[in-house]
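Presented below is the structure to which this report refers.
For the numbers below, each heavy atom of this structure counts, side chains included, while hydrogens, waters and symmetry mates do not. Order of listing sets the numbers, starting from 1, for every ligand and every atom in it. Here the structure is a predicted model, which is why all the values come from computation and not from measurement.
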Amino acid sequence: MAQLIAELLSNPAQSMVVTSLAIVTIYIIYQRYFHPLAQFPGPFLASVTDLWQVNQFLTFKQPYYLTALHERYGPFVRYGPDKISVTVEDAVPLLYQKGGRMFPKTEFYDAYGAAHPNVFGMRDEAKHSVRRRHMSHSFSMAYIKGMEVYLDQNIKLLKDNIATYCSSGQAFDLTQLLHFYVIDVLGELAFSQSFGVQETRDEGRIPPVKEHSLLSAATGAWPAMTFRLKRWLPMVPLKSLRALFQGRQACADLAAKCVERRLQDLQEARDDEVLAETQRKDILTNLILARHPDTGERLTKADLETEAFGFIIAGTHTTSATMSLLFYHFLHAPELMTQCIAEIDEKLPELQADQPAYPVATAESSLPFLRGCVKENFRITPVFTMPLARRVLDPAGISLGGRHVPGGTSVAICNHAFHHDPAVWGSDHNVFRPSRWEEKGTAERSRLLMHFGLGPRQCIGKTVATTNIYKVVSTLLKEFTFELADEQERKDVEQGLYRERIPSMDQLAYGDTELRLQQYKVLEGVCARSFQFLCIDGTVETTGVVTHARCPGAAHCGEVRSVGRGGGEKAVELTTSHQVKRSRDVVRSLNL
Ligand code: HEM
């Protein structure tokens with residue numbers, strides 16, 4: 001043996017290979033058998049290199065595969081050399097709520113902008129809390145109510161866009177329209193100016209958010225290399241990689257432009273009383289005016305730009321994907337959508353001509369069934385699914401779910417994995433079942449839902465996002481009937497084939513796969529399920545559900561001709577001498 005080793009080492013090249021192999025072998029043996037985290041199960045590759053997780057992000061598998069690993073190994077999974085993912089309930093308050101500064105964010109977040117971190121990426125908790133205080137009013141319910149008129153204006157545009165497709169008979173993409181809407185609303189709330197995507201349909205105006213998110217998650221997953229990767233990767237002549245950096249740069253440029261414009265507007269307003277009166281206190285403006293509580297200093301331009309960048313990244317895809325997913329679940333469980341519509345019809349008045357949408361004050365509070373659906377959507381398909389990694393600072397470690405977790409470990413909960421833990425949510429965790437929130441044990445657990453994170457680092461935009469969701473969904477369900485465009489898919493839904501199927505993240509990212517909404521058939525004088533007839537002389541007004549060709553208003557309306565539709569209901573067409581005030585247009589929707 002000694003002779004063999006001596007021979008192998010006699011040649012310098014051979015010797016280098018042998019030494020490297022020996023180091024790698026020792027490293028692997030240490031990681032697998034002697035490392036303090038060796039007790040936790042997980043994939044072999046994950047225990048020896050962070051590249052395993054990089055690959056998970058790049059292939060969009062991350063939340064699903066981690067969930068599957070938890071199914072296989074239980075509540076503790078080692079997903080990186082120094083990283084564990086947990087699904088035990090007591091970890092939720094400890095890591096994210098009560099633990100506070102004992103569990104700061106890890107270096108993973110440096111990939112989101114370490115040189116000049118925004119409120120999301122800040123790892124210094126003291127700095128974070130000052131920055132967060134600067135922002136909290138702008139994300140409060142009172143503030144949103146004050147800005148509601150801009151949400152209404154944009155919902156009107158959204159409805160007009162859907163109605164255009166109704167009358168042209170074209171198939172269309174609901175995810176896209178919702179995304180356009182959310183981007184414009186963010187522009188209004190954050191920068192006092194819509195991005196104008198809804199009006200122009202110019203996709204060039206859409207910030208390419210996905211690119212930055214993907215780059216950051218993938219480089220952050222390999223903390224030892226994050227800074228080097230940031231420097232080196234832009235030099236790699238790979239088209240797809242270049243596109244990611246270009247996307248990030250486009251978002252940064254847009255943020256800088258928004259800041260520049262707003263600073264200029266405010267400067268002009270300082271010299272002009274009339275202009276000063278018209279200035280809105282948008283989210284960015286509140287930050288521009290904010291002062292440090294101790295030093296009185298204002299935020300620098302670079303601070304403003306990085307926060308503006310954060311709003312664009314964090315506030316767009318998240319909200320639109322959440323809304324799309326809710327529609328996805330409705331269309332794949334239409335009986336629940338029907339129940340929601342019945343609740344809206346019962347609890348909310350008709351929208352008036354000058355009222356584009358239901359107010360935030362009532363949309364959420366009056367609709368308990370819709371609330372259950374929104375919550376269930378957040379549980380079953382959270383959209384912000386990266387493991388929310390926190391470092392255990394106490395060198396003595398901590399106890400979680402009866403197990404010791406050593407100091408220095410990066411511990412995380414991945415909300416998707418946690419929301420699908422059968423031990424917490426039951427064996428039907430893959431079923432979209434809003435009624436679970438009426439059951440005592442589950443209702444109490446809603447405080448554990450992690451879709452917005454929890455505690456001092458939870459999403460600051462959660463009220464903006466949820467009010468938007470309630471307003472938009474209640475209004476669209478009131479005014480349109482959505483159906484799946486694909487006939488086979490509709491049949492599959494009827495046969496219950498979608499009961500436990502969860503759409504994956506890459507399917508839902510706008511631009512990857514189209515979620516299509518297709519017009520059913522909306523003509524002047526055609527009504528569908530719920531309707532109001534109003535004769536021209538103004539004497540007849542009837543509401544109800546058409547279940548056969550004879551319209552309840554037929555005696556007054558004259559000839560009623562069936563145009564037929566599936567699902568046991570029939571639409572009716574009235575003679576031209578009568579008008580129908582439609583309470584709902586019918587659109588076919590969502591082809592996943
Ligand atoms: C449905 C929509 C949304 C979801 C699911 C969502 C999800 C999340 C999650 C899970 C976090 C916590 C991340 C962590 O602990 O590392 C977070 C943080 C954050 N979100 Fe959201 N978000 C949404 C909408 C928004 C909106 C509309 C905005 C702003 C315009 C926003 C701005 C932020 C910011 C600034 C943070 C960092 C907060 C801090 O660290 O103090 N988000 N979001």
If you have a sec, work out which protein heavy atom is nearest atom 7 (C) of ligand 1 and how many Å separate them, to one decimal?
F384 CD1, 3.4 Å
Quick test of your reading of the model: are E125 and K105 salt-bridged, counting only N-O distances below 4.0 Å?
no
Using a 4.0 Å heavy-atom cut-off, which part of K105 comes near ligand 1: side chain, backbone, both, or neither?
side chain
Pick one of side chain, backbone, both or neither for how H317 approaches ligand 1, counting any non-hydrogen atom pair under 4.0 Å.
neither
Tell me which protein heavy atom sits closest to atom 33 (C) of ligand 1, plus the residue, atom name and distance to 0.1 Å.
A314 CB, 3.7 Å
Option set C459, G453, G455, criterion heavy-atom distance to atom 17 (C) of ligand 1, minimum:
C459
May I ask you to say whether E376 pairs ionically with R433, meaning some side-chain N is under 4.0 Å from a carboxylate O?
no
Give a yes-or-no answer on whether the side chains of T316 and H179 include a donor-acceptor pair shorter than 3.5 Å.
no
Quick one: sort the Y65 and W52 rings into parallel, tilted or perpendicular, breaks at 30° and 60°.
tilted
Pairs of nitrogen or oxygen atoms closer than 3.5 Å, one from T318 and one from ligand 1: do any exist?
no
Hey, are K471 and E364 close enough for a salt bridge, meaning a charged N less than 4.0 Å from a carboxylate O?
no
Side-chain heavy-atom pair F452, T466 within 4.5 angstrom cut-off
yes
One finds that the ligand 1 atoms under 4.0 Å from a non-hydrogen atom of V383 are 5 (C)
Under a 4.5 Å cut-off applied to non-hydrogen side-chain atoms, are L367 and S474 in contact?
yes
Can you classify the ring geometry of F191 versus F195 as parallel (below 30°), tilted (30 to 60°) or perpendicular (above 60°)?
perpendicular
Looking at R261 and D265, does any basic side-chain N land under 4.0 Å from a carboxylate oxygen?
yes
Taking only heavy atoms of L388, which atoms of ligand 1 are found under 4.0 Å from at least one of them?
13 (C), 14 (C), 15 (O), 16 (O)
Is the closest N or O pair between N415 and ligand 1 shorter than 3.5 Å?
no
Within the 4.0 Å heavy-atom cut-off, what T322 brings close to ligand 1 is side chain
Heavy atom of the protein closest to atom 4 (C) of ligand 1 (residue, atom name, distance):
F452 CE2, 3.4 Å
Protein heavy atom at shortest distance from atom 38 (C) of ligand 1:
R132 NH1, 3.4 Å
Just jot down the ligand 1 atoms closer than 4.0 angstrom to any heavy atom of F120, in number order.
13 (C), 16 (O), 37 (C), 40 (O)
Going by the order shown, which atoms of ligand 1 are within less than 4.0 Å of some heavy atom of H128?
39 (C), 40 (O), 41 (O)
Could you tell me, atom by atom, which parts of ligand 1 come under 4.0 Å of a heavy atom of F139?
29 (C), 30 (C)
Is it the case that H134 and N286 place a side-chain donor and acceptor less than 3.5 Å from each other?
no
Before accepting this row, confirm whether a basic side-chain N of the pair K145/E148 lies closer than 4.0 Å to the acidic partner's carboxylate O.
no
Any non-hydrogen atom of K462 lying under 4.0 Å from ligand 1?
no
Pick from Y109, Y112, F108: the one approaching atom 14 (C) of ligand 1 most closely through a non-hydrogen atom
Y109
Distance-only polar pair, side chains of R371 and Y470, donor-acceptor under 3.5 Å
no
Decide whether the shortest distance between a heavy atom of R390 and an atom of ligand 1 is less than 4.0 Å.
yes
Can you check whether Q458 has an N/O within less than 3.5 Å of an N/O in ligand 1?
no
So which bit of Y96 gets within less than 4.0 Å of ligand 1, heavy atoms only: side chain, backbone, both or neither?
neither
Looking at non-hydrogen atoms alone, which of L189, L186, V464 comes nearest to atom 30 (C) of ligand 1?
L186
Among protein heavy atoms, which lies nearest atom 12 (C) of ligand 1, and at what distance?
R457 O, 3.6 Å
Can you tell which of R501, H420, E500 makes a side chain to side chain donor-acceptor pair (under 3.5 Å) with N430?
H420
